[in-house]
A.B. asks: 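Sharing a structure, written as structure tokens. Questions coming.
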Amino acid sequence: MPISTPLTALLGIHHPILSAPMHRIAGARLVTAVSKAGGFGILGGGYGERAWLEQETSTLKQSASPFGIGFITWSLAKQPELLDIALHAKPRAIMLSFGDPAPFAPRIKAAGSLLICQVQSEDMASQALDAGADILVAQGTEAGGHGASRTTLDIAPAIVDLAAGRVPVVAAGGIADGRGLVAMMMLGAAGALIGTRFYASVECDAPDKAKQRICAATGGDTARGVLFDWSRRIFWPAPFTLRALVNDHARRWSGREAELIQNMDAVVADYASAQAAGNFDIAGVFAGTAAGLIHDVPPASEIVERIVSEAEQIVHGRRNSAMLGQAAS
């Protein structure tokens, strides 16, 4: 049964579940699977690689289900022409994260797409609303990949209050199942943006070794910092840092960032080699604290179905945390 909210009505979807635009690994295959299942898949445009974007959007043009395309805003500003490639695919929405959306909003609206803005503070939310955002994503620090410091439990209701019903607010960070979706809806969110759970899905374009590391991790096995960015010679603006699974590389360089900078050429070369070889003792798996709730790698459609089913059972009083604990014992 569909879970209807202002978000589902606006996007034309059955369930208030959005898959996060994870850089390159959220390709057309994952986007299509999530959207066909009744959610809203968002392509991971990330830093903006033209050839990859053209390849993936050419596939999405054939999709009968609504979808979105996401970008890192400050990086898109360096290649603004990539937005035209994205809009040519006729996405239902463009998602912008980490930067001022105002320079891009008029082109997005003129093309007939909605504007989704991910924010980490009230000031960012106000800036997004002023730019004409149609949907706000309130991202908590629990999220994998880049983000800031406030928790989802804090930032989600704060942005809901600020939006005051003008636009739907989606919660992100630490959500992997129906319990998380219902919890965020109780805080006033109209849905959830989910990354790490869809990272560990069949259709995600990430190596199987990375997915298995997520399945083996607990929420305490992640940390937020700059090591994995600097190891790729990427320097993000404040206040954004990157959450990833802690591995040998993180343990080696944590607290030694100044030394890493001094040896950057060697570190970057070693990291690139490890990434190419699929060596995740060095290369990063950019997962959030929800990793502790993930133990398998199912198809994306099954993930959507599980979340919706569990959420419905909780809402209708047929399932709660006590029952879940009894089932596990």
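These values consider heavy atoms only, across backbone and side chains, with no hydrogens, waters or symmetry-generated copies.
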A.B. asks: According to side-chain hydrogen bond (donor to acceptor under 3.5 Å, both in side chains), does anything in residues 2-15 pair up with another residue at least two apart or in another chain? List the pairs.
C.D. replies: none
A.B. asks: Should the heavy atoms of other residues, nucleotides or ligands under 6.0 Å from CD of E122 be counted, would the total exceed 12?
C.D. replies: yes
A.B. asks: Could you tell me which residues satisfy side chain to side chain donor-acceptor pair (under 3.5 Å) with W74, sequence neighbours excluded, listed by chain and number?
C.D. replies: none
A.B. asks: Is there a chain of hydrophobic side chains (I, L, V, M, F, W, Y, each step under 4.5 Å between heavy atoms) that links I194 to M184?
C.D. replies: yes
A.B. asks: With a sphere of 6.0 Å drawn around NZ of K36, does it hold more than 12 non-hydrogen atoms of other residues, nucleotides or ligands?
C.D. replies: no
A.B. asks: Can you see which heavy atom on V169 is nearest to which on A156, and at what distance?
C.D. replies: CG1-O, 4.4 Å
A.B. asks: Do other residues, nucleotides or ligands put more than 12 heavy atoms under 6.0 Å from K209 NZ?
C.D. replies: no
A.B. asks: Can you tell whether the side chains of D270 and R252 come within less than 4.0 Å, N to carboxylate O?
C.D. replies: no
A.B. asks: Just by distance, no angles: are the side chains of D229 and H146 close enough, under 3.5 Å, to form a donor-acceptor pair?
C.D. replies: yes
A.B. asks: Kindly state each residue pair satisfying side-chain hydrogen bond (donor to acceptor under 3.5 Å, both in side chains) with at least one member in residues 217-226, sequence neighbours excluded.
C.D. replies: T141-R224, T218-D221, T222-R243
A.B. asks: One thing to verify: whether R306 and D177 come together as a salt bridge, which I'm taking to mean a side-chain N less than 4.0 angstrom from a carboxylate O.
C.D. replies: no
A.B. asks: Looking only at heavy atoms, what is the nearest atom pair of I69 and A86, with distance?
C.D. replies: CD1-O, 3.6 Å
A.B. asks: Group every Ile, Leu, Val, Met, Phe, Trp and Tyr by side-chain heavy-atom contacts under 4.5 Å, then state whether I135 and M95 land in the same group.
C.D. replies: yes
A.B. asks: Flag yes if L162 and V170 sit in one hydrophobic cluster, no otherwise; membership is Ile, Leu, Val, Met, Phe, Trp, Tyr, and two members link when side-chain heavy atoms are under 4.5 Å apart.
C.D. replies: no
A.B. asks: Do S97 and Q118 have side-chain atoms, one donor and one acceptor, less than 3.5 Å apart?
C.D. replies: yes
A.B. asks: With a 4.0 Å cut-off on N to O distance, would you call D296 and R197 a salt bridge?
C.D. replies: yes
A.B. asks: Looking only at heavy atoms, which two atoms of R150 and A158 are closest? And how far apart?
C.D. replies: NH2-CB, 3.9 Å
A.B. asks: F67 vs L43, test: side chain to side chain contact (heavy atoms under 4.5 Å, CB included). Steps then yes/no.
C.D. replies: CA-CA 8 Å; F67 65 89; L43 189 74; 5.9 Å; no
